[in-house]
Number of protein chains: 2
Amino acid sequence: MPMTQTSEAIRDAIRDAIIDRRLTPGTKLSEADVGKLFHVSRTLARAALQALSYEGLVTVEKNRGAFVAQPSPEEARQLFAARRLLEPVILSEAASKLEEAHSHHLKALLQEEGRLRNEHGQIARRAEIKASGDLHLALAQIAGNAVLTRFMEELVARSSLVIAVYGQSAISSCGHSEHHDIVEALEKRDLAQATALMLHHIDHIEADLDLTPKSGSNLRDVFGG
Amino acid sequence: MPMTQTSEAIRDAIRDAIIDRRLTPGTKLSEADVGKLFHVSRTLARAALQALSYEGLVTVEKNRGAFVAQPSPEEARQLFAARRLLEPVILSEAASKLEEAHSHHLKALLQEEGRLRNEHGQIARRAEIKASGDLHLALAQIAGNAVLTRFMEELVARSSLVIAVYGQSAISSCGHSEHHDIVEALEKRDLAQATALMLHHIDHIEADLDLTPKSGSNLRDVFGG
DNA sequence: CCAAACCAGATTGTATACGATTTGAGCAGG
DNA sequence: CCTGCTCAAATCGTATACAATCTGGTTTGG
């Protein structure tokens, strides 16, 4: 299907597939297979996989190959801890720079998210997962710091992976209304309220996770052989 | 000189050289040259350069090659803005987790920094630059979040690049006493004071920068050709 | 029958080959 | 003398080749 050629395009395509869970954690990503799929040589496939490993979405084991990452419970905890620390900061920056155009954009994202929520089927579910992350990224963009935005992109992407591994409820994009309330508080310039709601929101997402080590997991993953 | 073989080792060696300014911004890093220098093929040299570009230390221009990054004034501003937002958070986390062993480590770093300050010669200056960054990194490690630590590593490394381009005073590792005071406040569990000192410290570093666009800059860099 | 060595297939690690693009020098025309 | 073209050297982009490593099944000795 893909007519892509550059390693960046391949990286983006695989990243999207990981984020909306068409590729599940632990899946082997052989260089030859990726190359064939995108009609390029192993060289470019390898470059794309290496890029994804820098983003923490893929783990490469020497002489064994690349796999969609399976974050450990500890990694998951640290990831959400980082989000709890970073997102309030981003919210604060975003609040101080919020303008009319930003509000429109946020409202449009919320509306799209709500629309997807009422649709059925896996395609809609995947789009909803992505839309949910996009709202957090939109806030980072409003904050207007390219460095922070990149950090949030990594956090959101890896969070999707964590939810794929440890999420319990079928769809844990969780409170759409929570997103709505956060944006509402932000527009009212009520930073304290927005921050409180954001932390609550992250708590909710993490509460849906079961971070007790899975019993049926791969022995190699357990012992890191 | 280097007997390294893996692309990771090459990446680390080049990163160190960039951070302590043996490699200055704008320097061309040709794949063939890097490969020859480390006795590997272009394949591994290229992988190392690509890794560094993900860290923001190297920019690769299509069909032209890799160069030590020259952050723009705007990038520099955003970088320090991000530090002003992140470091207080890290300080707060570090304060809540500070133990005896951590204090010893911090004191040792301060002492080493002071020792280097009293030495002369370029080698000592470079070591001092690195030591200065190491203190900020040590604080991140005490905070105990691997994600935040990685973010700080990137920020500190890129900051060194910014100082190399825009720093005015010969040696802008700046207040050694400032580092000392921050650690002191931290050990007294005076988070407010430690945070204030940290922000002050970052202000001082940034105050030493001249972020007005350089006149003699490369036309290609100006217009991004 | 079981355990350990072994071999074949598959996959990654690294180097090299070759085409494509850029760049700067030299030359021809104005 | 200046402008613009041509071309060769250098460098990057990508594919391919071959060596090293891992894996799983088979054989062999007990």
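Each chain gets a letter, A, B and so on, in the order the sequences are listed, and its residues count up from 1.
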Could you pull out the protein-nucleic contacts involving nucleotides 16-19 of chain D (nitrogen or oxygen on both sides, under 3.5 Å)?
from: D:dT16; atom 1: O4; to: A:T43; atom 2: OG1; distance (Å): 3.4

[X] has an atom [atom1]; how far is it from atom [atom2] of [N], in whole Å?
X     : N      : atom1 : atom2 : answer
B:F38 : C:dA15 : CZ    : P     : 14 Å
B:E31 : C:dT22 : CD    : P     : 15 Å
B:K36 : C:dT16 : NZ    : C1'   : 13 Å
B:I10 : C:dG13 : CD1   : C1'   : 13 Å
B:E61 : D:dG13 : CD    : P     : 11 Å

Do the charged groups of A:D33 and A:K36 touch, with an N to O distance under 4.0 Å? no
What pairs with A:E153 under side-chain contact (heavy atoms from CB on, under 4.5 Å), at least two apart in sequence or on another chain? A:L137, A:T149, A:R150
Tell me every residue that passes salt bridge (charged side-chain N to carboxylate O under 4.0 Å, His left out) with A:E74, counting only those two or more places apart in sequence or in another chain. A:R77
Just grab all the ring-ring contact (aromatic ring centres under 6.0 Å, His included) pairs involving residues 46-90 of chain A, residues at least two apart or on different chains. A:Y54-B:Y54
For the salt bridge (Lys or Arg N to Asp or Glu O under 4.0 Å) test, which of B:K130, B:R21, B:R22 pairs with B:D16? B:K130
Angle by which the axis turns from one end of the helix from C:dC1-D:dG30 to C:dG30-D:dC1 to the other, five pairs per end, to 10 degrees: 20°
Listed by chain and number, what are the side-chain hydrogen bond (donor to acceptor under 3.5 Å, both in side chains) partners of [X], not counting sequence neighbours?
X      : answer
A:E31  : A:R42, A:R46
A:T24  : A:T27
B:E75  : none
A:R115 : A:E112, A:E119

Residue pairs fulfilling salt bridge (Lys or Arg N to Asp or Glu O under 4.0 Å) with at least one residue in residues 156-165 of chain B, sequence neighbours excluded: B:E154-B:R158
Does A:K28 make a side-chain N or O approach to OP1 or OP2 of C:dT12 shorter than 4.0 Å? yes
Should B:R64 be listed as having a side-chain N or O under 4.0 Å from OP1 or OP2 of D:dA10? no
Relative to the 5' end of DNA chain D, which residue comes earlier, A:L44 or A:N63, by the nucleotide with the nearest heavy atom? A:L44
A:H136: what forms a ring-ring contact (aromatic ring centres under 6.0 Å, His included) with it, not counting sequence neighbours? A:H179, A:H201
Which ones in residues 45-58 of chain B lie close to DNA chain C, meaning a heavy atom under 4.0 Å from one of its atoms? none
